[in-house]
Protein chains: 2
Amino acid sequence: MVRQADRSARTARASVWLADRTGKGRRNDQPSGLDRDRITAVAVRLLDAEGLAGFSMRRLAAELNVTAMSVYWYVDTKDDLLELALDAVHGELEPSAHAGPGTPSAGQGWRTDLRALAVAYRALLVRHPWVSPLTGSFLNIGPRAVAFSRRLREVMGETGLESHARRGAISSVFQFVYGFGTIEGHFIQRCAAAGVTQDEYFRDALGSIGEQPELAETFGEAAGLLPADGGDCVEDLRERDFAFALDVLIAGIEAQGAR
Amino acid sequence: MVRQADRSARTARASVWLADRTGKGRRNDQPSGLDRDRITAVAVRLLDAEGLAGFSMRRLAAELNVTAMSVYWYVDTKDDLLELALDAVHGELEPSAHAGPGTPSAGQGWRTDLRALAVAYRALLVRHPWVSPLTGSFLNIGPRAVAFSRRLREVMGETGLESHARRGAISSVFQFVYGFGTIEGHFIQRCAAAGVTQDEYFRDALGSIGEQPELAETFGEAAGLLPADGGDCVEDLRERDFAFALDVLIAGIEAQGAR
DNA sequence: ACCTGAACACCGTTCAAGT
DNA sequence: ACCTGAACACCGTTCAAGT
């Protein structure tokens, strides 16, 4: 008996993408309506709604109106399914996913393109806060993630930097966006869970620790959120921080000899 | 009866640090030798050894030669304990923690100091890979984390940039280091778990996906690890990427008007 | 080929009870 | 004040069995 998701392909396999290349994406003609794509799509919806900690194979099965173990016909482990979900949302980074008609995705010079990619990746991390921990713990070599990194490499090719410098430049920009989007996405999630606005949450947290003076002094600055000059709301400040940081990065890349 | 870890202080409390400020750090005179500090220290050791996924209150209690529920006298929840562990390892960022005698930690200009802080933070993330997901999901306002961010702010003050620009500069550097250290720490962890060197793991992964040409072409570059010019090992390449990215960031900060 | 039910070895946490 | 044991409501996953 050959299981559709065959776990004997490699021992200690590093990723779903390195195994069972046969017949897993077939048409959905099962009585239950089960399917790798459908399972993945529902998993994404559940992850968005409940978060990574709230996601379980049993909850997922219930959502699919199926027994917990049915899912295991299509995926070997929970981790494999998470990898599938992780790559699936990277499809949102494809140019066609968000650009309107007549919006060229390239050809305006690397600065514009790089900004666009950074903005899109940040949005992905904020839309799906569970993406960040999974990116940190899987290899993330699914087809859609790979397509994104190829586009990124193409854009950076326009700087004229040699390959070594290009790798460093890519790293500086995208590790930054990853870090930024991670913290931002989680903060937003926390506020939503507590049922308050970001400003309320922030003010509340600041107020609570006001008794410890040195904490109050540093806390906001540490998270990059302290409204030092009043007026602005948390979102505005964060927007300015992000824009400024991108300016820093682009100026830095120029200083390394980009044309 | 007032529990030592009193959970009634606030509902939906955002952090351990915003509650039970009374008598929790007392001397260890319990028969079992239990203690918040000792619990935290053993938790850190267990997290280092088994990873975040392998850590459980029951495993921890066993390590402490105590029943699972004893720990709950000292901490409210597993999350609270994780916050304590998270802040504890931030103590390794203190100047005294790693600098030898006669090694001034400041006063050589912000470029040198900023590099030192980035290097130390990266090392922390690599030494304790569980720090990254926790930083992403907690507020991280413990005293040691706060002390670190104050030092960072002080160093950036030397650039002469106004406060808004300073915030963006801090963000660009430390979100980058966070992203970089996260991926690096996890990759190292994976290799160790598989019992192979980083180069072996990398070569194996590349070989496995060689059948899918476009994957093989992009994969390494995406993770920032592909040895494009032979010769170098994975560690060397990563070291160069990190150094280059820091150069980019510092040049970018200078371009924004830092003195 | 696909799906189920019972079972195993775990979790975090509550609660009443011991000393 | 501190610690325990039993219990509750969960997990991921295996395995033998159904159709």
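These values consider heavy atoms only, across backbone and side chains, with no hydrogens, waters or symmetry-generated copies. Residue numbering restarts at 1 for every chain, and letters A, B, ... go by the order of the sequence lines.
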Student: Would you kindly give the CG-to-P distance between B:D35 and D:dC3, to the nearest whole Å?
Tutor: 10 Å

Student: Look at the side chain of B:S149 and the backbone N and O of B:V146, then say whether any donor-acceptor pair between them is shorter than 3.5 Å.
Tutor: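 Side chain of B:S149 to backbone of B:V146: a pair is present.
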
Student: What are the two closest non-hydrogen atoms of A:W17 and A:P143, and how far apart are they?
Tutor: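 Of all heavy-atom pairs spanning A:W17 and A:P143, the closest is CZ3-CD, 3.4 Å.
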
Student: Students often get this wrong, so: under 4.0 angstrom with heavy atoms, is B:S56 touching a base, only sugar-phosphate, or nothing?
Tutor: sugar-phosphate

Student: Specify the separation, in whole Å, of atom OH of A:Y74 and atom P of D:dT13.
Tutor: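 Those two atoms, OH and P, are 18 Å apart.
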
Student: Touch check for B:M69, heavy atoms < 4.0 angstrom, all strands: base, sugar-phosphate only, or nothing?
Tutor: base

Student: For C:dC3, does either OP1 or OP2 sit under 4.0 Å from a side-chain N or O belonging to A:T67?
Tutor: no

Student: Using whole Å, what does the distance between atom C1' of nucleotide C:dT4 and atom CG of A:L64 come to?
Tutor: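 Distance check: A:L64 CG to C:dT4 C1' gives 15 Å.
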
Student: Would you say B:Y72 reaches C:dC15's phosphate, i.e. side-chain N/O to OP1/OP2 under 4.0 Å?
Tutor: no

Student: For the pair made of CZ in A:R38 and C1' in C:dC2, what is the distance, rounded to whole Å?
Tutor: 15 Å

Student: From CE of B:M57 over to C1' of D:dT4, roughly how many Å is that when rounded to an integer?
Tutor: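 Computing the B:M57:CE to D:dT4:C1' distance gives 15 Å.
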
Student: What is the distance from CZ of A:R59 to C1' of D:dT13, rounded to the nearest Å?
Tutor: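 So the CZ-C1' distance, A:R59 to D:dT13, works out to 19 Å.
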
Student: With a 3.5 Å distance limit and no angle check, can you tell me whether A:T67 reaches the backbone of A:S70 through a side-chain donor-acceptor pair?
Tutor: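 No, the answer is negative, given that no donor and acceptor are paired below the 3.5 Å cut-off.
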
Student: Mind checking who D:dG18 pairs with, Watson-Crick or G-U wobble, both distances under 3.5 Å?
Tutor: C:dC2

Student: Kindly say whether A:H128 contributes a backbone atom to a donor-acceptor pair with the side chain of A:D48 at under 3.5 angstrom?
Tutor: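 Checking the backbone N and O of A:H128 against the side chain of A:D48, no donor-acceptor pair under 3.5 Å is found.
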
Student: Using Watson-Crick or G-U wobble geometry with both distances below 3.5 Å, tell me the partner of C:dG12, or none.
Tutor: D:dC8

Student: Under 6.0 Å between ring centres: does that hold for A:F176 and A:F242?
Tutor: yes

Student: Start at the 5' end of DNA chain C and walk down; is the nucleotide closest to B:F55 or to A:R58 reached first?
Tutor: A:R58

Student: Using atom CG of A:L60 as one end and atom P of D:dT13 as the other, report the distance to the nearest whole Å.
Tutor: 12 Å

Student: Quick one: A:R36 CZ to C:dC2 C1', roughly how many Å, whole number?
Tutor: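 Nearest whole value for this atom pair: 15 Å.
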
Student: Heavy atoms from C-beta onward define the side chain here; which of C:dT4, D:dC3, C:dG12 lies closest to that of A:V66?
Tutor: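 In terms of side-chain proximity for A:V66, the closest of C:dT4, D:dC3, C:dG12 is C:dT4.
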
Student: Between A:W73 and C:dC3, is there a side-chain N or O to OP1/OP2 distance below 4.0 Å?
Tutor: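 False: A:W73 side-chain N/O out of range (4.0 Å or more) of C:dC3 OP1/OP2.
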
